[in-house]
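Throughout, protein chains are lettered first and strands after them, A, B, ... in sequence-line order, and every chain is numbered starting at 1.
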Amino acid sequence: MLLEIKDLHVEIDGKEIIRGLNLKVKNGETHAIMGPNGTGKSTLALAIAGKEGYEVTQGEVLYKGNSILDMSPEERSLKGIFLGFQYPVEIPGVSITNFLRTAINEHREYNKQPPLSASDFLKNMEEKKKLLDIHSKLTNRSVNEGFSGGEKKRNEIFQMAMLEPSLSILDETDSGLDIDALKVVANGVNALRSKDNGFVVITHYQRLLDYIIPDFVHVLFDGRLIKSGGKELALELEERGYEWLKE
Amino acid sequence: MPNTYTSLKNKLINAFERHKGQIMQNDPEALKDMRSEAMEVFHKQGFPDTQLEDWKNTDISAALSRDYAFLFETEPEKMNLDKIFKCKIQDLNTDQITLLNGWYIEDQKLKETDDGMIMGSLAAAMDKYPGLVASYFGKYADPQKNGLQALNTAFAQDGFFIYVPDNVTLDIPVQMVSIINWNKDLLVQTRNLVIMGKNSKLTLVHCDDSTNQQAIFKNSINEIHLGENATLDHYKLQNLNNQSSLINSSYFYQESNSKLSTNAITLNGGLIRNHTHVTLDGENAGADIYGAYLMDQKQHVDNQVFVDHARPNCYSNELFKGIMDEEASAVFNGHILVRQDAQKTNAYQNNHNILMTDTARANAKPFLEIYADDVKCSHGATIGQLDPEAIFYLRSRGICEANARLLMLYAFAAEVIRKVKIEPLRERVDEMIRQRLKGELHICETCALHCDGPGKEIIFEIDMDKV
């Protein structure tokens, strides 16, 4: 099992947001988590990534069979968990190239591999840039600084492509994207899907799921997954909204 | 209890009486009077204390309580300079001139070139070119300003002297290295004079280093004249031990169309105060005034910047950035004066500080004094911590917390470092900043308090051109 979440409860500032959530993700699977605003979608994503202040009060998060709850954010990343942020942070003065090379070499060191040479790194970067239709100049700029919404999201998927995680959680990667950018991002994700990794795609709208076709769809409401189904559930939600599930 | 603070003052007054013949031996006539008057000012004012507005946040009383020695003549014994100091800037081809304990130590006291350039010892220049020295010495650094300035005027015997005649460009940077290496606590008062003629160009790299853990109190004044259309690119690198104090006052006087860029990089030192005074006294003159400071332990740094916009159509641009760790403290006082005639002035001022701990301090005081009505002026000052959201973002990509902080701090300081125009110097400063951030810079190696950096090598920017 790639990811197993059992009866997860998460509090922020003493307020319980996730209230007993269960989820299993196997290698090769893509799960979509949908739901209205304010139901805990981002909280779930950030709790899995290990953000400070997201306190797990009950339950388990097992990644490849081991609990990750005592791990630092960097350790979770090094083990192969990736979070595509809903709101990627701007970091003035740190270039993407510089940042990614530092990150990749920390991953390589963790996996007892020698540091990547500059030329191998650049070769890899060029390939992944093509995949996401990222032009050259962008990677020389500071991380997310002055990026458009679309550039920020493409940059998230680009980082995912570079780090090659086992488990990727994409938090509203479609928000703020026009249809062309959405296709580019979805194509990037699809190109990276394999039998050896898994995806959790968090989205508000069904639209993204036309391009990233999930194996399972879950509805998150009030801190719990209240309904699960196949990809057709997304269409049903698109038609009927969430109200019918709330009684 | 006798106050050693006062005792230092009395010791200096007595020393001046006893040694004034020696102090004034190279002096042009006018200078002798200036020294005696300056001594009277010092007698009256003494050392500046925290009662003075300008010195409110910089307390030098502890530094003044040491029993310093003074040197009234150069050490006859020839030191092997290579043994005590090695400049680590590789590939930087400079004309190096060196002061040891305040005294010029090159064999040739004045280097003179065919095109009229003179470079070397101020004492030697006073002797050989009294008229030239007298017409600039003390012209910009008013001895009445404060006791320390008066004291320097009275005592300073040697320092660097550079004269660049009209229309002369120096292709190679001049590196002024001032080293202190003495077996007792030492009070050093140097005076540097740089005179640039019309259309001249000069790059100056000014390094202040200590080579052992002995305390020094260095009271230094630089007077720098930029003639019409002259261009000066000036750098100060300050790397002193924790026992040492450096009070460094630089007066830049600019005629029309002259361009100044000055950048003060403060990496270490017990107490460092840089007073930068720029007078834009000709139309279309401009000054970029930059500074970066990285302090920790109980170190203190103070940047006082005064820009006098006396003529129309000039610009000044100040950018100072500092990282304060542990119990370090920083002061930035930026005063821009735009006189009534100085229409179409552009004057900008920015000071940004990152505090790494609850006990670190930064004090920023921007002050705009504007009498002209058609000007563009702005100022901004921030004091903050590293953005925790950004740290989390970096960590979520597998970068450990220590390295995430380093990356962010380095990026913060890099804005100032990028202003360094000489590439090998920029690379070296860059390297020093990284070492400094990791607590690995040379001067702290012998310090028991520190030097326990995060240790892990961190790889920075790839130069795309070199791949």
Is the shortest distance from a Lys or Arg side-chain nitrogen in Arg395(B) or Glu52(A) to a carboxylate oxygen in the other one below 4.0 Å?
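Glu52(A) and Arg395(B): not salt-bridged.
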Part of Glu415(B) lying under 4.5 Å from any heavy atom of chain A
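Contact with chain A is absent: no heavy atom of Glu415(B) under 4.5 Å.
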Chain A heavy atoms under 4.5 Å from Ala414(B): which part of the residue, side chain, backbone, both or neither?
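Neither part.
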Taking all heavy atoms of [X] and all of [Y], pick out the closest pair and write down the distance.
X         : Y         : result
Tyr393(B) : Val143(A) : CE2-CG1, 3.8 Å
Ala411(B) : Pro92(A)  : CB-O, 3.6 Å
Ala103(A) : Ile399(B) : CA-CG1, 3.7 Å
Val94(A)  : Leu407(B) : CG2-O, 3.8 Å
Ser77(A)  : Arg397(B) : OG-C, 3.0 Å

Answer yes or no: are there more than 12 heavy-atom neighbours, outside [X] itself, under 6.0 Å from its atom [atom1]?
X         : atom1 : value
Lys24(A)  : NZ    : no
Tyr87(A)  : OH    : no
Asp358(B) : CG    : no

Interatomic spacing from OG in Ser396(B) to NZ in Lys51(A) - rounded to 0.5 Å
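Interatomic distance, Ser396(B) OG to Lys51(A) NZ, rounded to 0.5 Å: 10.0 Å.
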Supply the atom-to-atom distance Glu109(A) CD to Cys400(B) SG, rounded to the nearest 0.5 angstrom.
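Rounded to the nearest 0.5 Å, the CD-SG separation comes to 9.0 Å.
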Which region of Pro88(A), side chain (C-beta onward) or backbone (N, CA, C, O), has a non-hydrogen atom less than 4.5 Å from a non-hydrogen atom of chain B, or is it both or neither?
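Both backbone and side chain.
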Run the ring-centre check on Phe392(B) versus Phe85(A) and record whether the distance is less than 6.0 Å.
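Yes - the distance between ring centres of Phe392(B) and Phe85(A) falls below the 6.0 Å cut-off.
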Within a strict 4.5 Å, meaning less than it, do heavy atoms of the Glu389(B) and Glu90(A) side chains meet?
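No - every pair of side-chain heavy atoms lies 4.5 Å or more apart.
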